[in-house]
Amino acid sequence: MYCVRSVTDDLLWIGGNDRQSSLFESAHPVPNGMSFNSYLLLDEKTVLFDTVDRKAQGQFFENLEYGLQERALDYVFVHHVEPDHAAILQDLLLRHPEATVVCSQRALDMLAQFHGKAPEKSLVVKDQDTLSTGRHQFTFYSATMIHWPEVIVSYDSTDQVLFSADAFGSFGALNGVLFSDEVDFERDWMDECRRYYTNIVSKYGVHVTNLLKKMDSLEVRLLCPLHGLVWRKDLDVLVSRYRTWAGYEPEVRGVLIPFASVYGNTETAANILACRLAEKGIPVSMYDVSITHPSYVLSECFKYSHVVFSSPTYNNGIFVTMENLFHDLLAHSFQNRTVALIQNGSWGPNSGKVMTELLEQMKNIRILRPTITLKSSLASGQEKELKALADLLAEDLRS
C-alpha cells in the first residue's frame with residue numbers, strides 16, 4: 001500500500017523510512033530512525049528525484065507506481081550516487097527502461113562503478129545547464145564535495161524549489177510529518193540536524209559556502225533534501241545555521257567538557273570545573289567520551305566556543321576513547337576554537353602533551369595555559385587551579 005505526501009500540487013514525496021537499523025552508514029547511531037527522501041514531479045514530463053536505500057525499496061516502489069498512475073517515467077535526476085540514494089537505480093530502470101538518467105559526468109562514471117555499467121539512456125548536465133519538463137524549468141548547479149565529488153543540485157525556477165541532495169539533511173525518520181513547520185524544529189530536530197552536518201559534511205565547509213553563495217542568487221521557497229524534513233517556511237533558520245557551521249564558527253558562547261576517566265579522578269576534576277563555571281553563569285555541558293558515541297561529542301564540539309579536553313594518560317598517550325575523538329575532530333576539520341586541557345597520570349602524565357600535538361595539527365586552535373596536571377587524583381589545593389581555569393575561561397568568554 002502506498003504512503004505518500006504532497007509537497008506541491010504536482011510534486012509528491014514518495015520516499016521511505018528505516019527505523020530498524022541502529023547505525024547509519026555503519027557508523028552513526030540513529031535512535032530515531034532515518035528517512036530517505038525521493039520526490040516525483042507530475043509535469044508534461046515526469047521526473048523522479050533520486051531513489052532510496054535498499055532498506056526502504058519496498059515502500060518506495062509502491063509509492064512510485066501509485067504516483068505515476070501508469071504514466072511513463074521520463075527522467076530520473078540523480079543528484080548523488082551514494083548507495084542510500086542510488087543503490088536501487090538499476091532495479092528502477094528494469095521497471096522503467098524508458099527513463100533517462102540526468103546526472104553529472106562524474107556521477108555517470110561512478111554509477112558504472114557501482115552497478116557494473118552505466119545507464120543506457122543518460123543526459124549529462126554541467127553547472128547552470130537547464131532542462132524543461134513542461135511547466136517547470138530546471139537549472140542544475142554543481143555541488144562538488146557536498147559531500148561526494150559528483151553531486152549536483154537542481155533548482156525549479158517555476159515553483160522556486162531547490163532539490164539539495166545531502167545538503168540540509170538530518171538524522172531521523174519522518175514519523176508522518178514532512179515539513180519543518182509541522183514540528184518544533186529547534187527543540188526536536190536541530191541537534192540531529194547538526195549531528196548529521198558535522199559527521200557527514202563538516203569536512204567540506206568551503207564547498208558548503210560555495211553552494212550557499214549560489215543559493216544567494218536564487219529565490220528558494222521550498223528546500224527538498226534527501227534526508228529529513230522539507231522546508232517551506234522560515235528557510236533562513238536552517239540556512240543561517242549552515243553559514244555558521246560552514247564557517248566553523250560556534251553557535252554557543254560556552255564551555256564543553258569532554259572527559260575520559262578510568263577510576264573517576266579525572267571526572268571529579270571535570271565536575272569541579274563545571275561547577276565553578278556554572279556558578280559564573282557560563283553555559284557548560286559535559287560528556288563522558290567512553291559512554292557517549294563520538295558522533296554526538298563531535299557535534300557538541302562544533303556547537304561550543306570553548307572546549308576543555310580532560311583525559312588520563314594511557315600507554316604514554318591519550319586514553320583510547322579520547323584519542324578516537326581527537327582523530328574524529330582532525331578528520332572533520334575542527335577549527336576556530338579556544339581549548340584548555342586537563343591531564344592525569346600516576347607516574348608519567350603525558351596526555352596533555354599528546355593532545356597538544358594533535359590540536360596543533362588543526363587550524364586556528366588557541367590553547368589556554370597552563371595545562372592542569374593530576375597525578376592519580378586531585379591533590380590538596382588543586383581545586384584552586386580549577387577555579388583559576390574557570391576564571392580564565394569566563395574572562396575569555398566575556399572579552
Side-chain angles (χ1 to χ4, degrees), residues 250 252-294 296-330 334 337-360 362 365-399:
V252 174
R253 296 282 296 173
V255 180
L256 174 71
I257 309 176
F259 68 89
S261 192
V262 180
Y263 298 111
N265 295 305
T266 309
E267 181 179 5
T268 295
N271 280 329
I272 293 171
L273 176 62
C275 286
R276 300 293 83 80
L277 289 166
E279 288 168 352
K280 296 175 179 295
I282 302 297
V284 61
S285 184
M286 300 178 67
Y287 285 90
D288 185 335
V289 299
S290 297
I291 299 299
T292 308
H293 191 274
Y296 291 94
V297 187
L298 178 74
S299 179
E300 292 295 289
C301 286
F302 271 77
K303 180 179 178 180
Y304 281 85
S305 61
H306 291 59
V307 185
V308 180
F309 297 101
S310 308
S311 176
T313 300
Y314 194 79
N315 289 334
N316 205 36
I318 318 171
F319 189 70
V320 286
T321 51
M322 183 65 78
E323 184 177 19
N324 290 340
L325 173 62
F326 266 80
H327 287 299
D328 247 3
L329 290 166
L330 188 59
F334 182 68
R337 294 298 188 277
T338 298
V339 307
L341 303 174
I342 298 174
Q343 66 171 348
N344 195 347
S346 293
W347 62 91
N350 197 47
S351 57
K353 177 177 179 291
V354 179
M355 287 190 286
T356 298
E357 290 171 350
L358 288 169
L359 288 165
E360 287 173 346
M362 304 176 198
I365 299 294
R366 185 165 61 100
I367 305 176
L368 298 178
R369 305 291 185 181
T371 294
I372 293 180
T373 299
L374 282 62
K375 292 186 176 180
S376 301
S377 63
L378 279 165
S380 178
Q382 279 199 289
E383 68 276 8
K384 295 178 182 177
E385 294 180 37
L386 292 167
K387 181 181 183 302
L389 178 56
D391 291 340
L392 181 61
L393 287 162
E395 180 183 357
D396 196 74
L397 279 159
R398 290 167 178 158
S399 62

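Just so you know, these numbers come straight off a predicted model, no measurement behind them.
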Could you pull out all residues at least two apart from [X] that satisfy salt bridge (Lys or Arg N to Asp or Glu O under 4.0 Å)?
{"X": "R253", "value": "none"}
{"X": "D288", "value": "none"}
{"X": "E383", "value": "none"}

Under 3.5 Å donor-acceptor pairs involving side-chain atoms of residues 314-323, not counting sequence neighbours:
unit_1 : atom_1 : unit_2 : atom_2 : d
T321   : OG1    : S290   : OG     : 2.9

Evaluation steps, side-chain contact (heavy atoms from CB on, under 4.5 Å), between E360 and I365: CA-CA 7 Å; E360 287 173 346; I365 299 294; over 6 Å; no
Non-hydrogen side-chain atoms of [X] and [Y] separated by less than 4.5 Å:
{"X": "L393", "Y": "V308", "value": "yes"}
{"X": "C301", "Y": "L256", "value": "yes"}
{"X": "L397", "Y": "V255", "value": "yes"}
{"X": "I272", "Y": "L378", "value": "yes"}
{"X": "L358", "Y": "H327", "value": "yes"}

Ignoring hydrogens and angles, tell me if any N or O in the side chain of Q382 forms a donor-acceptor pair with the backbone of T373 under 3.5 Å.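 Flag set: sc Q382 to bb T373 pair under 3.5 Å.
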Can you tell me how far [atom2] of [Y] sits from [atom1] of [X], rounded to the nearest 0.5 angstrom?
{"X": "L277", "Y": "I282", "atom1": "CG", "atom2": "CD1", "answer": "6.5 Å"}
{"X": "S310", "Y": "I372", "atom1": "OG", "atom2": "CD1", "answer": "8.5 Å"}
{"X": "N265", "Y": "L374", "atom1": "CG", "atom2": "CG", "answer": "7.5 Å"}
{"X": "M355", "Y": "I367", "atom1": "CE", "atom2": "CD1", "answer": "9.5 Å"}

Identified side-chain contact (heavy atoms from CB on, under 4.5 Å) counterpart of F309 within the set I257, L359, I342, V289: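 That would be L359; it is the only one of I257, L359, I342, V289 passing the side-chain contact (heavy atoms from CB on, under 4.5 Å) with F309.
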Only pairs at least two apart or in different chains count here, so list each side chain to side chain donor-acceptor pair (under 3.5 Å) that has a residue in residues 388-399.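 Sorted result for residues 388-399: K280-D391, H306-D396, R366-D396, K387-D391.
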Tell me, please, which residues at least two apart from K375 pass side-chain hydrogen bond (donor to acceptor under 3.5 Å, both in side chains).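 Applying side-chain hydrogen bond (donor to acceptor under 3.5 Å, both in side chains) to K375 gives none.
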Could you tell me which non-hydrogen atom of [X] sits nearest to which non-hydrogen atom of [Y], and how far apart they are?
{"X": "L298", "Y": "L329", "answer": "CD1-CD2, 3.5 Å"}
{"X": "N344", "Y": "S376", "answer": "OD1-N, 3.0 Å"}
{"X": "E300", "Y": "S285", "answer": "OE1-OG, 4.2 Å"}
{"X": "E267", "Y": "F259", "answer": "CG-CE1, 3.4 Å"}
{"X": "S261", "Y": "T266", "answer": "OG-N, 3.4 Å"}
{"X": "R337", "Y": "F302", "answer": "NH2-O, 2.5 Å"}

Filter on salt bridge (charged side-chain N to carboxylate O under 4.0 Å, His left out), then keep only pairs touching [range], sequence neighbours left out; what's left?
{"range": "residues 268-278", "result": "R276-E279"}
{"range": "residues 310-319", "result": "none"}
{"range": "residues 342-356", "result": "K353-E357"}

Partners passing side chain to side chain contact (heavy atoms under 4.5 Å, CB included) against [X] (at least two apart in sequence or in another chain):
{"X": "N324", "value": "none"}
{"X": "L392", "value": "L368"}
{"X": "T313", "value": "P349, N350, S351"}

